Amino acid sequence: EDTGIFTDYNIPSDGIMPAGQIPVSDLTLVFGISRYSTSGNVLVNYSYDWNDIPICRFQDTLSVSWDEDVFRMIDNSFHRYDMYVAHGKTIVFTDDSGYAQGSPCGVSWYAHLNDNSVDKLYGYGEFLLEPLAPSGTRTVLYGHYVHPTVEVSMSVNIASFGSFSVSSGGQPYDERGNQRTYTI
């Protein structure tokens, strides 16, 4: 029966749409960690770079967590950037110092993915951590990237037999994480 509803799906050239975990080939997540020689604080840079531009481009959540007995985030040190390349020009889409949520053991923020026709999407958040543990202490920082998607469901009515439903299943987001060991 023709319901008059049409859904158009854009399938990537590789024919695979991720569901659940974002493939490493689609998204690059990188920790950059360096110690300031003058203050002893640690600069953490957590970046994302979409190698295969996602279809759904809303606000993605990034977070970095650490051991609160080893580090404390320095007040007012957080900053984030979101950029894109379109028609050969790099545009800074977001440049601000706000984050979504902070705690003694982590910080999270949103990446604003430009929904126009773009060739590249990338960005990062950075902040300073004050070491609370003695020099030589080994610790792990964890990164997490969450990409919301559109949950799809439809119902098909068949005359004299009833109806059945089909849905995209799973959660309405894809995600990936990584970690980096650091010695103070």
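Values in this document were obtained by computation on a predicted structure and should not be read as measured data.
The shortest heavy-atom contact between Pro148 and Cys56 is O-CB, 3.9 Å. A pairwise comparison of heavy atoms in Ala86 and Ser117 identifies CB-O, 3.8 Å as the closest pair.
Asn116 CG: more than 12 foreign heavy atoms inside a 6.0 Å radius.
With no hydrogens or angles considered, a side-chain donor-acceptor pair links Thr28 and Asn51 at under 3.5 Å. With hydrogens and angles left out, the side-chain atoms of Asp60 and His147 include a donor and acceptor closer than 3.5 Å.
Under the 30°/60° scheme for interplanar angles, the aromatic rings of Trp50 and Tyr145 are found to stand perpendicular.
By the side chain to side chain donor-acceptor pair (under 3.5 Å) test, Arg35 is found to be paired with no residue, residues two or more places apart in sequence or in another chain being considered. Phe93 meets the ring-ring contact (aromatic ring centres under 6.0 Å, His included) test with Tyr84; sequence neighbours excluded.
Taking a cutoff of 4.0 Å between a charged side-chain nitrogen and a carboxylate oxygen, Arg72 and Asp69 do not qualify as a salt bridge. Ion pairing of Arg80 with Asp95 is absent here, as no side-chain N (NZ or NE/NH1/NH2) approaches a carboxylate O to less than 4.0 Å.
For the side chain to side chain contact (heavy atoms under 4.5 Å, CB included) criterion with Tyr122, the lone passing option out of Val85, Asp82, Leu113 is Val85. Of the listed residues (Phe127, Phe71, Phe31, Tyr46), just one forms a ring-ring contact (aromatic ring centres under 6.0 Å, His included) with Trp66, and that residue is Phe127.
Checking side-chain atoms of Ser77 against main-chain N and O of Leu128 turns up a donor-acceptor pair under 3.5 Å.
With rounding to the nearest 0.5 angstrom, the CD atom of Gln59 is 8.0 Å from the OG1 atom of Thr61.
Between Tyr124 and Met83 there is a side-chain heavy-atom pair separated by less than 4.5 Å.
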